[in-house]
Protein chains: 2
Amino acid sequence: MTISNQSKVLTTDNMNPLIKNVEYAVRGRLAIRAEEIRTDIEQGAKYPFDKVVNCNIGNPQQLNQAPITFFRQVASLCDNPDLLKKEHRSLVSQLYPTDALERAETLLHSIGSVGAYSHSQGVPHIRNTVAQFIKERDGYSADPNHIYLTQGASAGVQTLLSMLTENEHSGIMIPIPQYPLYSATLSLYGATPVHYYLDESTGWSLDIKQLTQVVTQARKQGTDVRALVIINPGNPTGQCLEADNLQDIISFCYKERLVLLADEVYQTNIYEPEKRPFISFKKALMDHPDAEVREGLELVSFHSISKGMIGECGRRGGYFECVNLDQGIMDQIYKMASVSLCPNLHGQILVDLMCNPPRFGEPSYDSYTAEIKTIYDSLRRRSKKLQDCFNNLEGVSCQPAQGAMYLFPQVTLSNKVVQEAKKANIAPDAYYSHAMLEATGVCVVPGSGFGQKDNTWHFRSTFLPEEHLFDKFCSDLEKFHHQFLKDHRD
Amino acid sequence: MTISNQSKVLTTDNMNPLIKNVEYAVRGRLAIRAEEIRTDIEQGAKYPFDKVVNCNIGNPQQLNQAPITFFRQVASLCDNPDLLKKEHRSLVSQLYPTDALERAETLLHSIGSVGAYSHSQGVPHIRNTVAQFIKERDGYSADPNHIYLTQGASAGVQTLLSMLTENEHSGIMIPIPQYPLYSATLSLYGATPVHYYLDESTGWSLDIKQLTQVVTQARKQGTDVRALVIINPGNPTGQCLEADNLQDIISFCYKERLVLLADEVYQTNIYEPEKRPFISFKKALMDHPDAEVREGLELVSFHSISKGMIGECGRRGGYFECVNLDQGIMDQIYKMASVSLCPNLHGQILVDLMCNPPRFGEPSYDSYTAEIKTIYDSLRRRSKKLQDCFNNLEGVSCQPAQGAMYLFPQVTLSNKVVQEAKKANIAPDAYYSHAMLEATGVCVVPGSGFGQKDNTWHFRSTFLPEEHLFDKFCSDLEKFHHQFLKDHRD
């Protein structure tokens with residue numbers, strides 16, 4: 001026994017209570033257990049499977065999705081500018097296409113060195129690229145001074161939520177189910193989450209009438225509701241909102257005096273593009289018929305390099321665009337960015353590349369488009385395949401993923417499961433997910449980590465496992481589920 | 001006039017008041033003005049100088065310090081693993097030394113892809129490297145599970161300070177003068193800063209008796225003092241603490257039940273290594289004669305890739321080591337790291353390289369040591385030169401930099417300056433620094449941004465401008481200072 005255990009200065013009893021309250025299921029208990037199993041297996045322990053498959057997190061390159069060649073070429077040249085020197089040109093031109101060399105030169109000209117702190121809001125040149133990207137996407141211009149580069153979308157979301165929290169009565173509307181970054185961040189800042197429910201029976205659609213009821217009710221109870229979070233395409237739910245719905249949401253926010261936070265990180269993960277194309281909230285706002293709304297609604301839209309077909313999660317890059325925000329607030333956001341000095345340059349560079357990929361006629365255009373298409377087609381096939389697999393399981397129903405990287409099936413669980421889970425002091429879907437991990441090595445996230453209607457149970461799984469392993473992946477899940485039901489019949 | 005200005009939902013009147021209170025002078029008003037001037041000059045405007053020189057921030061590569069070749073070679077190979085393929089070997093081996101190729105292979109073997117999220121605490125292999133580095137530095141082993149990789153030291157400091165803040169009475173002792181990350185972060189979390197003063201007359205030394213008085217006084221006034229921050233080598237003050245002093249500080253913290261936060265990011269920026277070598281708090285703790293203290297004192301030590309001779313600020317990488325912390329607290333730190341998913345991989349890779357540079361006998365050893373020595377010798381020369389320059393100015397006195405990257409001279413300012421500053425509603429040293437910027441293009445940080453004894457005035461300047469420009473840099477400062485005094489005599 002050590003001397004000190006009873007006498008620590010800082011313990012979970014006297015630490016920041018807000019931090020203690022934070023829950024983040026995506027990398028929670030189950031993920032920690034998965035990590036233990038992975039280590040065990042490395043050290044020779046036997047499990048009913050060869051390896052752990054992390055379907056708990058949208059981390060494509062961990063599951064061997066190849067990076068986009070052009071992006072990595074440019075990034076590596078920025079890291080090693082010696083390669084751009086004239087004396088190396090004859091060698092280097094055998095390894096790199098000319099457009100990669102040119103892009104690296106352009107970036108380094110504006111950045112200086114990737115080893116230097118940049119402007120705290122992000123390199124001006126890269127913010128111009130983002131503004132141009134938004135203009136091409138939406139048909140409406142964007143102001144580079146209203147764009148902030150971030151270390152992933154999460155960092156941007158946290159900045160905005162902290163800005164919005166005046167005190168514990170400050171309320172932020174978040175969907176249920178939601179990506180738990182939102183609930184975790186509201187816990188951290190001590191704000192009040194105000195829940196609205198997505199409707200599973202209609203493909204997780206968003207009912208505008210419910211929003212009005214929810215905000216009215218919360219305000220009656222003394223909550224100062226000041227913002228609405230929309231995740232589109234949805235996470236974990238995969239729905240993709242239609243134009244009319246977007247307009248209604250905008251009108252609602254303006255009328256109810258809510259800042260609209262639009263998490264649009266899955267904007268290129270769209271699997272039914274004809275029926276349900278992605279429309280940005282920025283475009284929907286600029287299309288709004290009422291000038292007062294267009295010039296008044298405070299909108300912040302988040303994007304990331306971690307998702308789409310790019311999947312550069314490990315670089316931590318992203319941006320947010322502020323529309324109609326008070327200048328004083330934007331100055332405060334800048335100040336807070338400056339305390340953290342700047343977003344990392346490798347993330348910033350990838351934002352530039354994502355927003356300005358090779359164009360038609362440029363040397364890397366064909367390979368770039370082919371790589372993107374290969375990943376996209378495969379994601380779409382896998383999404384459909386996993387959805388079918390889930391829907392074929394007894395007592396499971398799964399809505400299609402119109403977008404994003406996840407499926408969120410509902411599982412009917414027996415009373416026996418509910419009782420066993422109670423004994424183990426975990427949610428029934430966590431009990432189910434733990435059993436899945438121990439039997440198959442597949443790590444998912446229990447629905448209770450995202451929120452769900454009472455007495456319904458879900459889990460979230462990415463459809464990212466490699467395609468050539470996908471049949472086995474599905475059959476392992478089937479086998480497990482069958483056995484689990486058998487073991488837990490009432 | 002827009003419709004919306006009077007009716008913003010979120011304004012500086014109803015935003016998070018803690019954020020509003022945050023001040024961060026390093027990138028404050030003066031730095032914003034410097035940015036404006038830079039843009040003006042780019043657009044052809046005339047100033048009494050050709051360019052802005054940012055001495056407000058330790059950002060070596062912005063001022064053209066060359067990166068370490070081996071580090072960038074490895075990083076670029078990790079970014080573009082195609083270069084490691086056999087078919088490219090004959091070309092690539094003409095551009096890269098074998099040890100860079102091997103290191104990249106080792107790193108990629110443990111990381112997978114730099115585009116994937118890693119373990120939230122940092123890649124296990126890299127944490128092992130850090131542990132080995134600490135062992136070699138101190139002669140005492142370190143536990144990789146107690147090491148957390150971060151996006152720069154700032155992020156680590158913010159994590160620990162947030163953990164320590166139970167409520168507004170939670171007090172953290174910070175030096176005056178201090179790096180304003182500390183005051184800014186305490187404002188942000190609503191904790192109470194408890195100031196202790198470094199003694200300028202004895203080279204910014206730290207008097208242990210004063211620490212006792214300060215903690216006693218603060219506790220009498222109801223502050224729950226729970227941690228002590230030490231910056232060693234000092235920022236902005238440059239002092240380097242001696243072994244006896246470290247031991248006394250450790251004994252003091254243990255006796256007074258304070259967690260010790262050791263900001264050691266300048267540990268290799270040591271300019272009087274014989275007289276004042278760097279000794280880590282970890283080593284000082286392990287050397288402590290009392291086993292109860294060794295096994296009891298809660299210590300967190302921070303390090304960074306942004307400083308030293310490396311200066312890779314833009315990558316945002318660093319780590320902290322926890323010693324004797326409660327396991328529950330370390331679990332909470334892990335949880336919070338997981339909400340932000342992981343530190344960026346490019347920063348992590350540089351931590352590996354910093355902690356395990358080329359060894360004697362390896363192909364890159366000679367060039368690595370030569371590059372480090374060139375930067376180090378030049379920094380030391382520039383430090384001395386700028387110190388002499390300051391000490392030759394009328395009414396200015398400047399302590400030597402035993403370490404770090406800054407000088408913090410004291411300037412005597414006339415009553416006229418104090419009056420003019422009052423009219424302009426800024427501190428007298430901010431007034432002086434603004435005048436310096438407008439006259440010379442040199443951007444420094446006023447001492448009021450770091451804290452200082454009442455009625456003394458300082459500014460912080462890096463000594464990072466390029467050596468071939470240094471004589472002009474010094475003579476510009478002299479000319480400005482002379483004219484300023486002339487214009488502001490009482």
Side-chain angles (χ1 to χ4, degrees), chain A residues 2-4 8-12 14-16 19 24 27 59 61-62 67 72-73 75-76 79-80 91 94-95 112-118 120 151 154 162-166 184 226 257 259 292 295-296 298 311-316 324 326 328-329 332 335-336 338-340 344-347, chain B residues 2-4 8-12 14-16 19 24 27 59 61-62 67 72-73 75-76 79-80 91 94-95 112-118 120 151 154 162-166 184 226 257 259 292 295-296 298 311-316 324 326 328-329 332 335-336 338-340 344-347:
Chain A
T2 64
I3 304 166
S4 48
K8 294 290 179 196
V9 174
L10 181 64
T11 69
T12 49
N14 70 357
M15 67 176 281
N16 185 329
I19 292 179
Y24 186 68
R27 292 200 152 188
N59 192 7
Q61 295 192 22
Q62 189 203 24
R72 293 301 196 88
Q73 287 172 332
S76 67
D79 245 340
N80 187 6
L91 280 175
Q94 297 172 63
L95 296 162
S113 165
V114 293
Y117 295 125
S118 71
S120 296
Q151 312 220 96
S154 300
S162 70
M163 232 21 98
L164 280 158
T165 305
E166 187 179 7
R226 30 173 77 194
R257 294 188 55 72
V259 176
E292 203 180 311
E295 291 168 30
E298 292 152 68
E312 289 281 356
C313 308
R315 306 179 95 88
R316 315 308 300 118
N324 294 328
D326 184 67
I329 293 296
Q332 294 286 330
K335 179 181 74 180
M336 293 316 294
S338 80
V339 176
S340 298
N344 84 79
L345 268 293
H346 290 80
Chain B
T2 65
I3 305 168
S4 48
K8 295 290 179 197
V9 174
L10 181 63
T11 69
T12 49
N14 70 356
M15 66 177 281
N16 185 330
I19 292 180
Y24 186 67
R27 291 200 153 190
N59 192 7
Q61 295 191 23
Q62 188 202 25
R72 293 302 196 88
Q73 286 172 333
S76 67
D79 244 339
N80 187 6
L91 280 176
Q94 296 172 62
L95 295 163
S113 165
V114 293
Y117 296 125
S118 72
S120 296
Q151 312 220 95
S154 300
S162 71
M163 231 23 96
L164 279 158
T165 304
E166 187 178 7
R226 28 174 78 196
R257 294 189 55 71
V259 176
E292 202 180 310
E295 290 167 32
E298 291 152 71
E312 290 280 356
C313 309
R315 308 179 93 89
R316 316 306 301 118
N324 294 328
D326 183 69
I329 293 296
Q332 293 287 330
K335 180 181 73 179
M336 292 316 294
S338 79
V339 176
S340 299
N344 83 80
L345 269 291
H346 290 80

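All values below come from the heavy atoms of this structure, side chains included, with hydrogens, waters and symmetry mates left out. Note that this is a predicted model, so its numbers are computed, not measured.
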Holding to salt bridge (charged side-chain N to carboxylate O under 4.0 Å, His left out), I want the full list of residues that pass it with A:Arg315, two or more places apart in sequence or in another chain.
A:Glu312, B:Asp79
With chain B as the partner, which of A:Leu345, A:Ile329, A:Asn80, A:Leu164 has the greatest number of non-hydrogen pairs under 4.5 Å?
A:Ile329
Given a strict heavy-atom distance threshold of 4.5 Å, which part of A:Gln62 is in contact with chain B: side chain, backbone, both, or neither?
both
Specify which of A:Ser120, A:Gly311, A:Gly328 makes the most heavy-atom pairs with chain B at under 4.5 Å.
A:Ser120
Does a side-chain heavy-atom distance below 4.5 Å link B:Val114 with A:Arg72?
yes
Let me know if A:Ser118 has heavy atoms under 4.5 Å from chain B in its side chain, its backbone, both or neither.
backbone
Could you check which of B:Ser154, B:Ser338, B:Ala75 has the highest count of heavy-atom pairs closer than 4.5 Å to chain A?
B:Ser338
Quick one: of B:Thr165, B:Asn59, B:Thr12, who has the most non-hydrogen atom pairs under 4.5 Å with chain A?
B:Asn59
Quick one: closest heavy-atom pair of B:Asn344 and B:Arg316, and the distance?
ND2-O, 3.0 Å
Main-chain N/O of A:Leu10 paired with B:Glu298 side-chain donor or acceptor, under 3.5 Å
yes
Chain B contact via A:Met336 - side chain, backbone, both or neither, heavy atoms under 4.5 Å
side chain
Shorter than 4.5 Å, heavy atoms on both sides: which option in A:Gln73, A:Gln151, A:Met163, A:His346 has the most such pairs with chain B?
A:His346
Is there side-chain contact between A:Gln61 and B:Tyr117, with heavy atoms separated by less than 4.5 Å?
no
For chain A, find which of B:Pro67, B:Gly115, B:Ala116 contributes the most heavy-atom pairs closer than 4.5 angstrom.
B:Gly115
Max heavy-atom pairs within cutoff under 4.5 Å with chain B, candidates A:Ser162, A:Gly112, A:Gly347, goes to A:Ser162
Contact origin within A:Ala184 toward chain B - heavy atom pairs under 4.5 Å:
side chain
Qualifying residues under salt bridge (charged side-chain N to carboxylate O under 4.0 Å, His left out), relative to B:Arg226, sequence neighbours excluded:
B:Glu166, B:Asp224
How many angstroms lie between atom CG of B:Leu91 and atom CD of A:Gln94, to the nearest 0.5 angstrom?
4.5 Å
